[in-house]
> 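Pasting in a structure now, in structure tokens, and then I'll have a few things to ask.
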Amino acid sequence: MTRLQPAVALCALLVATSAAAATRIAIPGGEINVEFADESAGPDRAMVLAWVKTSAEAVVTYYGHFPVRSVDLRIMPGSGSGVSGGRTWAHRGAEIRIRVGKSTSESDLKNDWVLVHEMTHLAFPSLGDEHDWLEEGLATYVESIARAQAGQLSLERVWDGFVDGMPNGLPQAGDRGLDRTHTWGRTYWGGALFCLLADLEIRRRTDNRLGLQEALRAILAAGSMETNSELAPLLAIGDRAVGVPVLSELYGRMKDTPAPTDLAALWQRLGIERAGGNVRFVEDAPEAAIRRAITMRRN
Ligand SMILES: [Zn+2]
């Protein structure tokens, strides 16, 4: 399973089932009520609960606390092994459904990114459909950085994933900008590219003191996924938090025009090189300090 496959990245709709007894997991800022939809089968419960807690810890690390006071997390049974799809709602209380295969192992869950992606959705207000790219892009971008900050993912894997994934987000022929081009690549990775560009530019303009993370924490303080919002006021909140209008400017540039990015030059400035299928960091590259700051754990 790779995040490049649309079937995995798209938050697949899962079928509702009858309620079962929930296990409550307390985390800083909130609680997760975990329900196993199929009581009779599936992977080891304790292993699944540990994975839920670990995933929540990554999100808490990034945002400073869990995004919502309470979320119901329904574990749906799946065939085979691994996590095969998830979806998050917040219109009648926050709820995540995620499908976990019967023969899922501890190492499958250790490598899973889907649950952190879904939990990240909780941390941003709900937008109109034309802005799905930002909701999905944020979850795609924040997920691996959050796991790295929490010590759950190596820095090499974070940047390797971005070097692999970001080209999917580049505009193709006929592109009309992020608000008007709703392909899989532009939605997930075009949105993630917007986040990366914003993060870099905020850091350039603040002497590398602040980044997208500070803007996103301020936006979450204004409302979680349980709140509906227009996009412009949220970007303004983020811009005010970091003192530079990067989010509004970048949105203006990318919303209805293709706005291509030279990714090769961007990786080079950050000091990211591919060697023999692995990522190697060049620590004296012009923006290596920015790259290091992005994955550094905050207070
Ligand atoms: Zn998603």
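Just so you know, ligand 1 is whichever comes first in the structure, and atom 1 is the first atom listed for that ligand. FYI, side chains are in, hydrogens and waters are out, and symmetry mates aren't considered; it's all heavy atoms of this structure.
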> Suppose you place the vertex at the Zn ion (ligand 1); what is the angle out to H117 NE2 and H121 NE2, to 10°?
100°
> Could you tell me whether any N, O or S atom belonging to E118 is less than 2.8 Å from the Zn ion (ligand 1)?
no
> Are Q152 and E57 linked by a side-chain donor-acceptor pair shorter than 3.5 Å?
no
> Starting from the Zn ion (ligand 1), look over the N/O/S atoms of E136 and name the nearest one.
OE1
> Any side-chain donor paired with an acceptor under 3.5 Å for E136 and H117?
yes
> Hey, does the side chain of D239 reach the backbone of L247 with a donor-acceptor pair shorter than 3.5 angstrom?
yes
> Using only atom types and a distance under 3.5 Å, with no angle test, would you say the side chain of N208 pairs donor to acceptor with the backbone of A293?
no
